[in-house]
K.L.:
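Please find one structure pasted underneath; my questions will follow.
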Amino acid sequence: MDTENGKTPAFDSFIEEMKWRGFFEQCTDEKSLTELLAGETTTGYIGFDPTADSLHVGSLLPIMGLVHLQNHGHKPIAIVGGATAMVGDPSGRTELRNMMTLETIDKNLEGIKEQLSRFIRFGTGASDGMMLNNADWLKDHLYLEFLRDVGRYFSVNQMLTRDSVKSRMETGLSFIEFNYMILQAYDFMVLNRDHGCRLQMGGNDQWGNICSGIDLCRRVNQAEVFGLTFPLMMTASGVKMGKSAEGAVWLDAARTSPYDFYQYWVNVDDRDVSRFLRLYTLMPPTEIEKLEKLQGAEIREAKKVLAREVTTLVHGKGEAAAAEKAAKALFSGGGDDSTVPSSERPAADFGGAGLSLLDALTDAGLMKSKGEARRMIRQKAVRVGGEVIEDETLQLTGEHIQDGKITLQVGKKRHHHILVAS
RNA sequence: GGGGGGGUUCCCGAGCGGUCAAAGGGAACAGACUGUAAAUCUGUCGGCAAACGCCUACGGAGGUUCGAGUCCUCCCCCCCCCA
């Protein structure tokens with residue numbers, strides 16, 4: 001099997017690497033799947049929900065799954081669920097999600113495509129990735145036809161035993177959600193039929209849906225296909241992966257700046273570092289194992305490597321280096337701080353009475369409201385030019401400008417520079 | 001179709017007609033301690049306001065009351081049981 005990026009993988013097999021890196025949760029038939037992967041270029045897919053026009057850190061795990069698949073010479077397919085997003089997957093949810101309009105979904109698809117192409121090499125070669133929208137084969141079906149051709153293969157009895165359904169028996173499950181499983185199974189069947197896809201991967205909450213797809217492939221295509229699931233990612237503190245103070249951590253630089261993205265990873269819990277290095281970077285095992293040996297405060301070094309690696313994967317080397325520089329300037333002192341999150345204001349704003357600190361904080365996005373800004377000041381959390389401010393009514397004037405900028409800081413970690421345009 | 005139980009601030013969840021911006025817990029944020037970690041302790045946690053206070057919120061729309069998250073009517077949604 002050739003590896004097209006020229007590097008020799010540290011692992012002989014995809015499965016072996018997935019296991020070492022912590023991606024492997026369940027597999028439908030590990031032995032046969034291993035044989036398949038060893039013998040031929042295998043096509044595998046993962047579905048992504050276009051519920052927003054950007055993917056977030058939560059999607060990074062499946063993305064990396066596809067990346068590894070491709071690195072081992074196989075062909076990854078990313079399905080964007082244009083059709084299934086209209087239905088809403090009940091897996092892992094407690095209530096019916098809001099339905100999305102076709103226009104929104106279309107818009108979101110574009111953003112996601114763009115992002116995925118930074119991780120996966122798309123093209124027409126044997127192991128080049130493909131991106132497909134399941135609306136293409138789902139949207140024109142007639143109900144009766146679909147029931148007859150596909151619905152006949154599903155046993156309600158069996159569907160009721162699926163976790164995603166069972167767990168909703170108390171809170172309720174609408175018929176439209178109940179059908180999600182069928183649609184996802186149908187996706188797999190179509191991919192198998194039209195693209196020779198033999199493997200579906202996904203989070204462990206997808207197990208039931210994946211199994212349904214495998215059954216359908218066998219029944220309709222007489223094909224043996226496989227499923228592999230990843231563990232559901234929680235941080236050590238039991239929070240869903242990818243949440244920060246400002247909400248979700250996005251892969252889109254416009255939504256989450258590379259600086260904030262970098263900070264997210266530098267700030268992970270000690271207990272998560274090793275796991276994350278394996279899951280979210282492509283570093284070779286020997287290097288990761290070296291970092292895993294670090295103890296105490298040294299773990300910070302491992303976090304920096306983690307942050308740099310992941311930021312590089314998502315935003316590129318340049319942005320990662322800039323974020324690292326900014327972090328160094330802010331937390332270690334000295335260095336180039338030109339890439340710290342900033343905004344611009346005309347010098348005139350600081351003439352006369354000046355600009356109220358409260359407005360400056362809220363405009364910079366450091367605070368959601370002036371009330372919050374006041375509270376923070378009372379708690380001695382706000383610094384201007386490094387000095388703790390205790391006066392809520394402070395006006396920013398020329399005297400606060402140093403080197404053409406005013407530095408704002410909230411708490412230890414949130415920084416912002418107001419660049420004063422002359 | 002009939003009967004019963006529900007819809008509360010980010011989440012869970014309590015809430016006698018006034019003292020409810022609403023108990024308690026979680027999450028989150030800040031301060032102390034640290035290592036931009038964890039744990040711990042303390043504080044904060046709808047908006048505007050320096051403050052008095054004003055505004056917006058308890059599924060939706062009306063109503064009764066000096067006064068309603070709390071009572072009444074209608075509507076929407078969810079759960080359970082029966083048909």
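None of the values given here were measured: they were computed from a predicted structure.
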K.L.:
With nearest nucleotides of RNA chain B determined for A/R378 and A/A297 from heavy-atom distances, which residue corresponds to the more 5′ nucleotide?
P.N.:
A/A297

K.L.:
So, A/H415 versus A/F331, ring centres under 6.0 angstrom or not?
P.N.:
yes

K.L.:
Take atom P in B/rA22 and the same atom in B/rA27, then report the distance between them in whole Å.
P.N.:
22 Å

K.L.:
Can you tell me how far P of B/rC29 sits from CG of A/L361, to the nearest Å?
P.N.:
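Rounding to the nearest Å, CG of A/L361 and P of B/rC29 are 17 Å apart.
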
K.L.:
Check the distance between B/rG31's P and A/M376's CE and give it to me in whole angstrom.
P.N.:
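Taking atom P of B/rG31 as the reference, CE of A/M376 is at 8 Å.
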
K.L.:
Does OP1 or OP2 of B/rA37 have a side-chain N or O of A/R300 closer than 4.0 Å?
P.N.:
no

K.L.:
Could you check which nucleotide pairs with B/rA57 in any of the strands shown, counting Watson-Crick or G-U wobble with both distances under 3.5 Å?
P.N.:
none

K.L.:
Within the pair A/R414 and B/rA30, is there a side-chain N or O less than 4.0 Å away from OP1 or OP2?
P.N.:
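Answer is yes, contact under 4.0 Å.
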
K.L.:
By nearest atom, which of the nucleotides B/rA38, B/rA37, B/rU34 is closest to the A/D270 side chain?
P.N.:
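In terms of side-chain proximity for A/D270, the closest of B/rA38, B/rA37, B/rU34 is B/rA37.
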
K.L.:
Could you tell me how far apart A/Q409 (CD) and B/rG31 (P) are, to the nearest whole angstrom?
P.N.:
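Atom CD in A/Q409 sits about 9 Å away from atom P in B/rG31.
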
K.L.:
What interatomic distance, in whole Å, is found between C1' of B/rU9 and the corresponding atom of B/rA23?
P.N.:
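Pairwise C1' distance, B/rA23 against B/rU9, rounds to 13 Å.
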
K.L.:
Touch check for A/T393, heavy atoms < 4.0 angstrom, all strands: base, sugar-phosphate only, or nothing?
P.N.:
nothing

K.L.:
Give one of base, sugar-phosphate or nothing for A/K380, where a contact means two heavy atoms less than 4.0 Å apart.
P.N.:
sugar-phosphate

K.L.:
For a quick check, tell me whether the side chain of A/K328 and the base of B/rU36 share a donor-acceptor pair closer than 3.5 Å.
P.N.:
no

K.L.:
Under 4.0 Å between a side-chain N or O of A/K413 and OP1 or OP2 of B/rG31?
P.N.:
no

K.L.:
Quiz question: going by heavy-atom distance under 3.5 Å, is there a donor-acceptor pair between the base of B/rG43 and the side chain of A/Q379?
P.N.:
yes

K.L.:
Between A/K412 (NZ) and B/rG31 (C1'), how many Å, whole number?
P.N.:
8 Å

K.L.:
Can you confirm whether or not the ring centre of A/F23 sits under 6.0 Å from the ring centre of A/H68?
P.N.:
yes

K.L.:
Looking at B/rC66, which nucleotide sits across from it as a Watson-Crick or G-U wobble partner, both distances under 3.5 angstrom, or is there none?
P.N.:
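The base-pairing partner of B/rC66, which may sit in any strand shown, is B/rG18.
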
K.L.:
Does A/Q263 get its side chain close enough to the base of B/rU36, under 3.5 Å, for a donor-acceptor pair?
P.N.:
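Yes.
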
K.L.:
Below 4.0 angstrom from OP1 or OP2 of B/rA49, is there any side-chain N or O of A/K370?
P.N.:
yes

K.L.:
Thinking salt bridges, do A/E30 and A/K19 make one under a 4.0 Å N-O criterion?
P.N.:
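A salt bridge links A/E30 with A/K19.
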
K.L.:
Quickly work out the A/R275 CZ to B/rA37 C1' distance and round it to whole Å.
P.N.:
15 Å

K.L.:
I'd like the P distance from B/rA28 over to B/rU73, given in whole Å.
P.N.:
44 Å

K.L.:
Within the pair A/S369 and B/rC48, is there a side-chain N or O less than 4.0 Å away from OP1 or OP2?
P.N.:
yes

K.L.:
Would the A/W250 and A/F261 ring centres measure less than 6.0 Å apart?
P.N.:
no

K.L.:
Would you measure the distance from the C1' atom in B/rC76 across to the matching atom in B/rG59 and give it in whole Å?
P.N.:
8 Å

K.L.:
What is the distance from CG of A/L358 to P of B/rA51, rounded to the nearest Å?
P.N.:
11 Å

K.L.:
For the C1' atoms, the ones on B/rG17 and on B/rC72, what distance do you get once it is rounded to whole angstrom?
P.N.:
13 Å

K.L.:
So A/R383 and A/E387, do their side chains get closer than 4.5 Å, heavy atoms only?
P.N.:
no

K.L.:
Just the rounded figure in Å: distance from P of B/rU44 to CD of A/E372.
P.N.:
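Taking CD of A/E372 and P of B/rU44, I get 15 Å after rounding.
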
K.L.:
On RNA chain B, nearest-nucleotide positions of A/E298 versus A/R383: which is more 5'?
P.N.:
A/R383

K.L.:
Quick one: look up who B/rA30 pairs with, Watson-Crick or G-U, both distances under 3.5 Å, and put none if it's unpaired.
P.N.:
B/rU42

K.L.:
Using atom C1' of each nucleotide, how far apart are B/rG6 and B/rG13 to the nearest Å?
P.N.:
13 Å

K.L.:
A/T43 and side-chain contact (heavy atoms from CB on, under 4.5 Å): which partner among A/L69, A/I77, A/L199?
P.N.:
A/I77

K.L.:
Between B/rA68 and B/rG47, how far is it from one C1' atom to the other, in whole Å?
P.N.:
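Pairwise C1' distance, B/rA68 against B/rG47, rounds to 22 Å.
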
K.L.:
Step through it carefully: locate the ring centre of A/F230, locate the ring centre of A/F24, and say whether they are under 6.0 Å apart.
P.N.:
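Not close enough - the centres of the two rings lie 6.0 Å or further apart.
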
K.L.:
Report yes if a side-chain nitrogen or oxygen of A/R375 is closer than 4.0 Å to either non-bridging phosphate oxygen (OP1 or OP2) of B/rA28; otherwise report no.
P.N.:
no

K.L.:
Starting the side chain at C-beta, find the nucleotide from B/rA37, B/rA30, B/rG31 nearest to A/N267.
P.N.:
B/rA37

K.L.:
A/F350 and A/H400: aromatic ring centres closer than 6.0 Å?
P.N.:
no

K.L.:
What's the gap between B/rG31 and B/rG35 when it is taken at their P atoms, as a whole Å value?
P.N.:
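Comparing P positions in B/rG31 and B/rG35 gives a spacing of 16 Å.
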
K.L.:
Taking any strand in view, what nucleotide pairs with B/rG1 in a Watson-Crick or G-U wobble way, both distances under 3.5 Å?
P.N.:
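Base-paired to B/rC82.
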
K.L.:
Rounded to whole Å, please give me the gap between OH in A/Y262 and P in B/rU36.
P.N.:
13 Å

